[in-house]
Amino acid sequence: MEALTDKSSYLSNTITVELYESHLKEKTQQQRLFGRIKQHTVSIAHIIQGIHKKTNTVLSRELLQYSAMSIAQEMQEQLALGRAIEIPGIGKVYVAIEGELKPDMTPSEIRNHLTLRFTPSAEALAIVKHLDVTCKHPADTGITILGIKNHLIHAEPGVLYMGNTFSITGRHLKLGGSVNGIYLAPVDKNGVALHHDSWIPLPYPYINTPKMLSLYLPKDFAEGTRFRIAIVTSLANNGTERKEPVKAFSDLVTICNNR
């Protein structure tokens with residue numbers, strides 16, 4: 001397996017790390033990020049296909065497939081005996097205990113704490129350390145309103161019709177947390193939203209997802225009034241509570257009767 005640790009033998013490969021803001025409190029007030037890597041899982045059939053492309057093996061794909069499945073079955077039987085399995089060039093899979101045990105636990109209760117662990121080999125770690133990395137800095141975690149769609153067939157752009165439903169599309173829209181809501185925000189003569197004390201709450205959306213909010217517009221407004229839709233949420237992208245709520249405003253909309 002020595003050839004695996006030779007950097008010149010690696011195929012050029014790049015993984016993308018998406019960076020997100022952490023909502024854990026930091027004493028130094030320094031921004032903290034966490035990263036996610038999208039997994040690309042390959043099957044044994046894909047690996048066998050790669051072997052055939054790289055070598056002139058006389059073994060058929062069917063025989064390689066059968067051998068791989070036989071090895072997998074034998075590994076499972078060894079695990080059933082409580083044995084660790086060394087996979088050449090990859091690492092060791094072994095049975096371990098997770099969680100805290102108590103003195104009065106029975107063997108069957110302890111069995112519920114059994115799990116599998118994996119220790120990578122030096123060769124596998126060396127391969128990973130030589131991957132090329134690109135980063136998306138930092139991913140946008142605020143609210144973005146992309147559009148407003150009336151559910152009427154002949155609706156005019158920029159108009160909301162009283163007594164009908166409409167949808168707001170965007171990113172990270174989902175309402176949640178301790179402070180959340182959707183409002184009509186009155187605007188001044190320049191179209192700037194007024195203070196939140198003047199905002200008019202709208203009914204809670206019957207569709208509430210990160211990419212879409214759908215709701216009903218009541219009939220309680222003056223014809224031709226202009227507003228901006230304001231969305232406020234304390235829900236972070238990972239489903240946790242934000243330290244501070246975030247908000248976003250739509251383009252100007254005009255309230256009209258349904259004709």
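A side-chain contact (heavy atoms from CB on, under 4.5 Å) with L160 is found for exactly one of T225, I148, T254, namely I148.
The environment of CD in E77 is crowded: more than 12 heavy-atom neighbours from other residues, nucleotides or ligands sit within 6.0 Å. A 6.0 Å sphere centred on OH of Y66 holds no more than 12 heavy atoms belonging to other residues, nucleotides or ligands. Enclosure of atom CE in M69 is not indicated, since only 12 or fewer non-hydrogen atoms of other residues, nucleotides or ligands lie within 6.0 angstrom.
E86 and P88 make their closest contact through O-CD, 3.6 Å (heavy atoms, listed as atom of the first residue, atom of the second, distance). The two residues A96 and R117 make their nearest non-hydrogen contact at CB-CG, 3.4 Å. For the pair A84 and Y94, the tightest heavy-atom approach, listed with the atom from each and the gap, is CB-CB, 3.7 Å. Taking both residues in full, the closest heavy atoms of G191 and L252 are given as O-CD2, 4.0 Å, listed atom of the first, atom of the second, then distance.
Judged purely by atom type and a 3.5 angstrom limit, R228 has no side-chain atom pairing as donor or acceptor with the backbone of A185.
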I would like to know whether T16 and V133 meet side-chain contact (heavy atoms from CB on, under 4.5 Å); could you show each step before the answer?
CA-CA 6 Å; T16 299; V133 175; over 6 Å; no
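At a cut-off of 3.5 Å, with distance as the only test, no side-chain donor of T144 or H172 sits close to an acceptor on the other residue.
V93 and L125 sit in two unconnected hydrophobic clusters of ILVMFWY residues. Membership requires side-chain heavy atoms under 4.5 Å apart, directly or through other members.
Taking the six-membered ring where tryptophan is involved, the planes of W199 and Y183 are tilted, since the angle between them lies from 30° to 60°.
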